[in-house]
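As the structure lists them, so they are numbered: ligands from 1, and atoms in each ligand from 1.
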Amino acid sequence: MKILVTGGTGYIGSHTCVELLENGYEVVIVDNLVNSKREVVDYIKEITNKDVTFYEGDVCDKELMRKIFKENAIDAVIHFAGLKAVGESVQKPLMYYRNNIDSTLTLCEVMDEVGCRKIVFSSSATVYGSPKSLPIKEDFPLSTTNPYGSTKLYIEGILRDLYTSNNDWSIALLRYFNPIGAHKSGLIGENPNDIPNNLMPYIVKVATKELEILSVYGNDYDTKDGTGVRDYIHVVDLAKAHVKAIEKVLKDRGVDAYNLGTGHGYSVLEIVETFKRVNNIDVPYKIVGRRPGDIAACYADPSYAKEKLGWEAEKEIDEMCKDSYNFVKQHKG
Ligand code: NAD
Ligand code: UD1
């Protein structure tokens with residue numbers, strides 16, 4: 001079976017390519033490298049000792065997409081390609097709508113043309129907005145607070161409409177909670193060039209002394225220690241869920257959404273303390289005001305993914321913190 005992975009050199013995409021290859025799938029990647037590096041293709045090959053076909057280009061380029069489907073007998077697609085920085089999406093909404101929605105429309109049009117109607121889509125827990133209760137289940141009301149989140153919600157709607165129009169489609173909408181960690185090899189992981197917005201990449205840069213101090217955004221939330229609580233999931237566990245989702249779309253028609261989280265919430269201070277302990281390194285921090293738009297707590301009820309996909313997260317928070325640091329230590333400089 002041959003899987004097209006859009007955005008396959010990115011953080012979650014690269015880990016998913018490894019899991020696909022290790023489970024006997026062939027992998028074709030298309031990525032325009034706006035947020036990743038070409039050498040990731042070599043790292044994927046090195047880890048798995050398997051070959052990968054790579055196209056550098058934009059998923060919005062219809063002729064390129066037609067060429068990829070013509071040159072490869074694709075059985076199903078995992079669509080990771082997209083822009084993901086919340087703050088930037090507020091500054092440049094048109095860029096986000098154009099890239100994330102156009103790439104999905106173009107991809108689906110070409111898939112429809114060639115009769116490949118099996119797709120796994122990267123959605124996000126951001127589609128739950130500010131949840132009324134916890135843990136979050138898939139049937140909770142959906143809403144968004146920024147253009148990035150809106151692209152995810154609109155695309156979910158587009159894909160549902162597509163299934164309504166033609167029941168031959170088979171679609172999995174995967175709502176990720178907070179992926180952290182990296183592959184054990186230390187070859188692939190997440191290491192943004194810019195100042196990170198997300199907690200773990202920021203902690204890592206403070207640990208390596210690239211940044212001076214972590215700002216903890218608020219300690220007056222109604223949570224265990226007053227700091228924000230999130231459902232952190234190891235990226236390798238997340239990648240494994242994609243293999244299960246691919247099995248599902250190859251087997252059954254329909255459209256369905258799945259929460260991909262562990263079901264456990266950790267506070268910012270718990271993450272900082274765990275990171276310090278397992279890596280035996282200091283992470284200086286200061287408490288500052290809340291970050292606008294943040295919610296107090298967010299964690300999944302992941303039981304639907306267990307029931308329908310036969311998947312559940314296995315890795316614990318210690319391993320997530322260790323692997324995040326291990327990757328960046330190896331890739332510093
Ligand atoms: P990433 O930026 O590391 O990977 C995305 C990849 O897509 C990058 O390699 C980028 O170069 C590529 N890309 C972007 N637009 C493209 C286009 N038009 N054509 C071709 N390639 C393009 O991000 P990630 O963390 O691996 O996230 C993957 C997907 O999961 C994204 O859609 C993201 O929105 C979604 N997601 C991520 C998180 C998270 O916390 N990382 C959470 C929820 C959802
Ligand atoms: C982010 C995204 C969200 C996405 C989710 C999962 C933003 C605003 N939102 O949210 O769209 O769905 O990731 O990938 O980027 N924190 C600090 N100091 C920091 C950074 C973060 O205290 O320097 C805190 C935050 O207040 C929060 C927690 O750490 O309580 C996690 O933050 P972050 O990693 O940005 O993830 P989300 O807020 O869940």
Side-chain angles (χ1 to χ4, degrees), residues 5-16 29-38 40 55-61 64-65 78-90 95-96 98-104 106-107 121-129 144-146 148-149 151-152 155 174-180 188-192 195-203 205-206 211 213-219 221 223 227-233 235 238-239 260-261 265-269 271-272 285-299:
V5 183
T6 77
T9 46
Y11 175 46
I12 308 170
S14 56
H15 289 82
T16 300
I29 295 174
V30 57
D31 201 300
N32 62 3
L33 305 178
V34 283
N35 199 35
S36 55
K37 297 199 172 72
R38 177 183 280 273
V40 170
Y55 292 85
E56 181 178 344
D58 198 314
V59 181
C60 303
D61 178 347
L64 171 68
M65 297 313 291
I78 308 182
H79 182 35
F80 291 105
L83 300 173
K84 63 165 183 175
V86 172
E88 187 184 50
S89 83
V90 175
M95 187 170 102
Y96 271 67
R98 169 63 70 196
N99 187 70
N100 292 3
I101 293 181
D102 192 355
S103 59
T104 307
T106 305
L107 172 66
F121 172 65
S122 298
S123 188
S124 167
T126 194
V127 299
Y128 295 113
T144 58
T145 52
N146 57 71
Y148 164 72
T151 67
K152 294 296 175 192
I155 292 168
L174 304 185
R175 295 176 180 157
Y176 311 150
F177 281 69
N178 291 57
I180 59 173
I188 53 173
E190 186 178 37
N191 189 14
I195 294 183
N197 298 305
N198 298 113
L199 181 63
M200 184 54 76
Y202 206 104
I203 289 178
K205 281 192 192 284
V206 173
L211 293 169
I213 189 163
L214 171 74
S215 295
V216 175
Y217 297 137
N219 66 350
Y221 285 107
T223 59
T227 64
V229 165
R230 296 292 184 272
D231 187 339
Y232 297 94
I233 175 168
V235 67
L238 195 61
L260 299 184
Y266 287 94
S267 74
V268 175
L269 293 183
I271 296 291
V272 172
Y285 69 85
K286 60 181 177 192
I287 308 288
V288 301
R290 294 182 179 191
R291 180 170 66 177
D294 265 358
I295 55 176
C298 171
Y299 53 90

If you apply the rule side-chain contact (heavy atoms from CB on, under 4.5 Å), what do you find for Glu190 with Val235, and how did you get there?
CA-CA 10 Å; Glu190 186 178 37; Val235 67; over 6 Å; no
Around [atom], find the nearest protein heavy atom and jot down its residue, atom name and distance.
atom: atom 27 (C) of ligand 2; answer: Arg230 NH2, 3.6 Å
atom: atom 4 (O) of ligand 1; answer: Gly10 CA, 3.4 Å
atom: atom 2 (C) of ligand 2; answer: Val86 CG2, 3.7 Å
atom: atom 14 (C) of ligand 1; answer: Gly82 N, 3.3 Å
atom: atom 24 (C) of ligand 2; answer: Val268 CG2, 3.6 Å
atom: atom 11 (O) of ligand 1; answer: Asp31 OD1, 2.6 Å
atom: atom 36 (O) of ligand 2; answer: Asn178 ND2, 3.1 Å

N or O pair under 3.5 Å between [X] and ligand 1:
X: Ser123; answer: no
X: Asp58; answer: yes
X: Phe80; answer: yes
X: Val59; answer: yes

Tell me which one of [options] gets a heavy atom nearest to [atom].
atom: atom 28 (C) of ligand 2; options: Tyr217, Tyr128, Tyr232; result: Tyr232
atom: atom 33 (C) of ligand 1; options: Tyr55, Tyr148, Tyr11, Phe121; result: Tyr148
atom: atom 41 (N) of ligand 1; options: Lys84, Lys37, His79; result: Lys84

Val206 and Ile213: CA distance, side-chain angles, deciding distance, side-chain contact (heavy atoms from CB on, under 4.5 Å) verdict:
CA-CA 6 Å; Val206 173; Ile213 189 163; 5.5 Å; no
Between [X] and ligand 1, which residue portion shows a heavy-atom distance shorter than 4.0 Å: side chain, backbone, both, or neither?
X: Ala125; answer: neither
X: Asn100; answer: neither
X: Glu190; answer: neither

Students often mix this up, so state it plainly: with edges at 30° and 60°, are the rings of Phe121 and His79 parallel, tilted or perpendicular?
tilted
If you count the atoms of ligand 2 from 1 in the order shown, which ones are under 4.0 Å from a heavy atom of [X]?
X: Asp294; result: 25 (C), 26 (O), 38 (O)
X: Gly228; result: 30 (O)
X: Ser215; result: 17 (C), 18 (N), 19 (C), 22 (O), 23 (O)
X: Val216; result: 22 (O)
X: Arg291; result: 8 (C), 25 (C), 32 (O), 33 (P), 35 (O), 38 (O)
X: Asn197; result: 20 (C), 35 (O)
X: Thr126; result: 11 (O), 12 (O)
X: Ser124; result: 12 (O)

Going through the distances and angles, do Ile188 and Val40 end up as a side-chain contact (heavy atoms from CB on, under 4.5 Å)?
CA-CA 7 Å; Ile188 53 173; Val40 170; 4.2 Å; yes
Within-shell test, Gly149 vs ligand 2, heavy atom, strictly < 4.0 Å:
no
Looking only at heavy atoms of Phe177, does any of them come nearer than 4.0 Å to an atom of ligand 2?
yes
Please identify which atoms of ligand 1 are closer than 4.0 Å to at least one heavy atom of [X].
X: Gly57; result: 19 (N), 20 (C)
X: Gly7; result: 6 (C), 7 (O)
X: Asn99; result: 15 (N), 17 (C), 18 (N)
X: Pro179; result: 39 (C), 40 (O), 41 (N)
X: Ser122; result: 29 (C), 30 (O), 32 (O), 35 (C)
X: Leu33; result: 11 (O)

I need the contact type for [X] against ligand 2. Using non-hydrogen atoms and a strict under-4.0 Å cut-off, is it side chain, backbone, both or neither?
X: Ile295; value: neither
X: Tyr176; value: neither
X: Leu199; value: both
X: Ala85; value: neither

From the list Val30, Thr106, Val59, side-chain contact (heavy atoms from CB on, under 4.5 Å) with Leu64 holds only for Val30
Can a donor-acceptor pair be found, under 3.5 Å and without considering hydrogens, that links the side chain of Tyr11 to the backbone of Ile180?
yes
Ignoring angles and geometry beyond distance, decide whether Asn198 reaches within less than 3.5 Å of ligand 2 through its nitrogen or oxygen atoms.
yes
Looking only at N/O atoms, are Tyr148 and ligand 2 under 3.5 Å apart anywhere?
no
Which atom of Ala296 lies closest to which atom of Arg230, heavy atoms considered:
O-NH1, 3.4 Å
State whether the number of non-hydrogen atoms from other residues, nucleotides or ligands found under 6.0 Å of Arg98 atom CZ is greater than 12.
no
Among side-chain atoms of Tyr148 and Glu88, is any donor-acceptor pair under 3.5 angstrom?
no
